[in-house]
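Okay, so here's the structure we're looking at.
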Amino acid sequence: TKLRVGLLFGGRSGEHEVSISSARAIARALTTEQNTDKYEILPFYIQKDGRWLAGDVPQQVLESGTPLQLPSTPNDQLSVAKNQVLGRWQSPSQVAEVDVWFPILHGPNGEDGTIQGLLTLMQVPFVGSGVLGSAVGMDKIAMKTAFAQAGLPQVKYKALNRAQIWSNPCVFPKLCDEIEATLGYPCFVKPANLGSSVGIAKVRTRPELEAALDNAASYDRRIIVEAGVVVRELECAVLGNDSPKASVIGEITYASDYYDYETKYTEGKAGLLIPAPVPEAVTRQIQEMAMRAFIAVDAAGLARVDFFYVEATGEVFINEINTLPGFTATSMYPLLWAHSGVSFPQLVDRLIQLALERHSASS
Ligand code: ATP
Ligand code: MG
Ligand code: MG
Ligand code: MG
């Protein structure tokens with residue numbers, strides 16, 4: 001009998017459309033010749049308002065590739081939240097049929113441990129990191145603390161919270177003075193819990209710094225400021241559970257000032273080079289650091305680990321880990337594995353097997 005895979009996609013974050021593309025690519029891989037006898041897909045679509053849908057609508061979204069929003073009854077925050085929880089218990093037939101979940105949701109409310117907590121409570125295996133790995137990987141302050149503990153090199157940074165920025169007009173100038181003295185310009189101001197470069201600013205002057213801190217605080221209670229470095233950007237894919245493996249490494253190229261939202265999502269603005277044209281020793285160092293980073297945050301299944309390479313000095317800094325990286329046919333994560341000898345259908349198969357192994361080891 002076939003294993004029923006609950007493909008969970010869409011979601012409330014700004015990366016809703018990317019999630020649909022990722023889910024389409026995964027669905028296609030599960031229906032290839034090598035996988036079709038093994039797996040059956042049960043699609044679950046989370047609308048932008050947070051409502052969960054099973055059955056025909058998700059299938060339609062997978063086929064068309066475009067978001068769908070069914071007109072909903074009371075749409076205030078509380079009903080949406082209730083729907084999210086009740087939705088699953090109200091349609092026990094579809095939910096109970098799932099043998100293994102494949103959440104492919106990027107960003108907050110999907111990549112951050114919230115969905116993983118729900119799936120853990122349901123006691124059904126799921127692909128990817130658990131609650132801890134997802135939450136630590138998502139929050140840049142917690143992530144950097146875990147990386148520092150593991151001895152991974154990072155650029156200088158300062159962690160802040162919204163209250164320090166908004167609540168006390170006497171503290172704020174001192175805070176800015178301190179950032180100027182310890183990090184200097186340019187520096188990067190980031191909300192701690194987002195992705196796709198949303199809310200991030202590269203600042204070069206005091207007024208820019210003040211405005212960027214205020215803006216970042218409107219996105220998140222937790223904010224991080226980092227010293228800016230002139231770098232090449234390298235990425236490594238990791239696959240496995242307790243003994244993870246690293247892929248060949250790739251490079252992101254672009255002509256813009258940095259890898260901002262527009263560069264990420266405008267066709268043709270960014271390029272991928274696989275394998276990255278860097279010295280062999282740099283490749284090995286990055287692969288080793290990627291596996292250490294994976295273990296440091298307690299990731300599982302998959303993660304894409306991103307690095308800054310300062311060509312002039314040969315230094316490598318870890319930038320971040322993404323525990324549910326983009327998974328479309330043209331995304332870095334599956335392409336890195338394809339260049340490492342693991343095809344897209346094999347990769348999806350392997351991830352499901354890793355989910356089953358992790359579940360049976362923990363129960
Ligand atoms: P993702 O979409 O990969 O999850 P993100 O929103 O988590 O990204 P970051 O990766 O932290 O954001 O930063 C986005 C981009 O900003 C980087 O890819 C890089 O181009 C630039 N950048 C961020 N921090 C620095 C830094 N300290 N020095 C130089 N460039 C930086
Ligand atoms: Mg990120
Ligand atoms: Mg991300
Ligand atoms: Mg990034």
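Worth saying up front: this structure is predicted, and the values here are computed from it rather than measured. Counting starts at 1 for both ligands and their atoms, following the listed order. What's counted below: heavy atoms across the whole structure, side chains too, no hydrogens, waters or symmetry copies.
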When only distance counts, is I200 in polar contact with ligand 1, meaning an N/O pair under 3.5 Å? no
From E320, M332, H106 - option closest to atom 3 (O) of ligand 1 by heavy atom: E320
Applying a heavy-atom cut-off of 4.0 Å, say which part of I252 lies close to ligand 1: side chain, backbone, both or neither. neither
If you apply the rule side chain to side chain donor-acceptor pair (under 3.5 Å), what do you find for D349 with Y39, and how did you get there? CA-CA 9 Å; D349 179 32; Y39 303 113; 2.5 Å; yes
Is the number of heavy atoms from other residues, nucleotides or ligands within 6.0 Å of NZ (K174) greater than 12? no
What do you reckon, does Y265 put a non-hydrogen atom under 4.0 Å from ligand 1? no
Tell me if the NZ atom of K38 is crowded by more than 12 foreign heavy atoms within 6.0 Å. yes
Of all the atoms in ligand 1, which lie at a distance below 4.0 Å from a heavy atom belonging to E226? 24 (N), 25 (C), 26 (C), 27 (N)
Distance-only, no hydrogens or angles: does the D306 side chain make a donor-acceptor pair with backbone N or O of N319 under 3.5 Å? no
Starting from the C-alpha separation in whole Å, work towards a yes-or-no answer on side chain to side chain donor-acceptor pair (under 3.5 Å) for S197 and K264. CA-CA 8 Å; S197 302; K264 283 179 183 175; 2.8 Å; yes
Check each heavy atom of N319 against ligand 1 and say whether those closer than 4.0 Å belong to the side chain, the backbone, both or neither. side chain
Part of Y254 with heavy atoms under 4.0 Å of ligand 1, whether side chain, backbone, both or neither: side chain
Show me, pair by pair, the donor-acceptor contacts under 3.5 angstrom made by side chains of residues 22-32, not counting sequence neighbours?
from, atom 1, to, atom 2, distance (Å)
S22, OG, V18, O, 3.1
S22, OG, H106, NE2, 3.1
S22, OG, F327, N, 3.0
R24, NH1, L62, O, 2.8
R24, NH1, E63, O, 2.8
T31, OG1, A27, O, 3.1
T31, OG1, R28, O, 2.9
T32, OG1, A29, O, 2.8

Mind checking whether L209 and C187 have side chains closer than 4.5 Å, heavy atoms only? yes
Quick check: S197 and ligand 1, any N/O pair under 3.5 Å apart? yes
For ligand 1, indicate whether the residue R304 contacts it via side chain, backbone, both or neither (heavy-atom separation under 4.0 Å). side chain
Counting only heavy atoms closer than 4.0 Å, does ligand 1 sit against the backbone of K140, its side chain, both, or neither? side chain
Below a 4.0 angstrom heavy-atom separation, can you tell me which part of C187, side chain or backbone, both or neither, approaches ligand 1? neither
Is the distance from the Mg ion (ligand 2) to the nearest N/O/S atom of E320 under 2.8 Å? yes
Counting heavy atoms only, which part of N322 comes closer than 4.0 Å to ligand 1: side chain, backbone, both or neither? side chain
Show which side-chain atoms of residues 119-139 pair as donor or acceptor with protein atoms under 3.5 Å away, not counting sequence neighbours.
from, atom 1, to, atom 2, distance (Å)
T120, OG1, Q116, O, 2.6
S129, OG, A300, N, 2.9
S129, OG, A300, O, 3.4
S134, OG, S129, O, 3.4
S134, OG, G130, O, 2.6
D139, OD1, I141, N, 3.0
D139, OD1, A142, N, 2.8
D139, OD1, R222, NH2, 2.9
D139, OD2, N193, ND2, 2.9
D139, OD2, R222, NE, 2.7

Only heavy atoms of G228, strictly under 4.0 Å: list the atoms of ligand 1 that pass. 28 (N)
Are any non-hydrogen side-chain atoms of F44 and P58 less than 4.5 angstrom apart? no
Evaluate the criterion side chain to side chain donor-acceptor pair (under 3.5 Å) for residue pair Y258 and E233; output intermediate values, then yes/no. CA-CA 10 Å; Y258 71 99; E233 300 199 46; over 6 Å; no
Check ligand 1 against A227 and write out every atom of the ligand that is under 4.0 Å from a heavy-atom position of the residue. 26 (C), 27 (N), 28 (N)
Proximity to ligand 1 by part of F188, non-hydrogen separation under 4.0 Å: side chain
Counting only heavy atoms not in R4 (residues, nucleotides, ligands), do more than 12 fall under 6.0 Å from its CZ? yes
Per-atom contacts, ligand 1 versus K190 - under 4.0 Å to a heavy atom: 9 (P), 11 (O), 13 (O), 23 (C), 24 (N)
Ligand 1 contact by F317, heavy-atom criterion under 4.0 angstrom: no
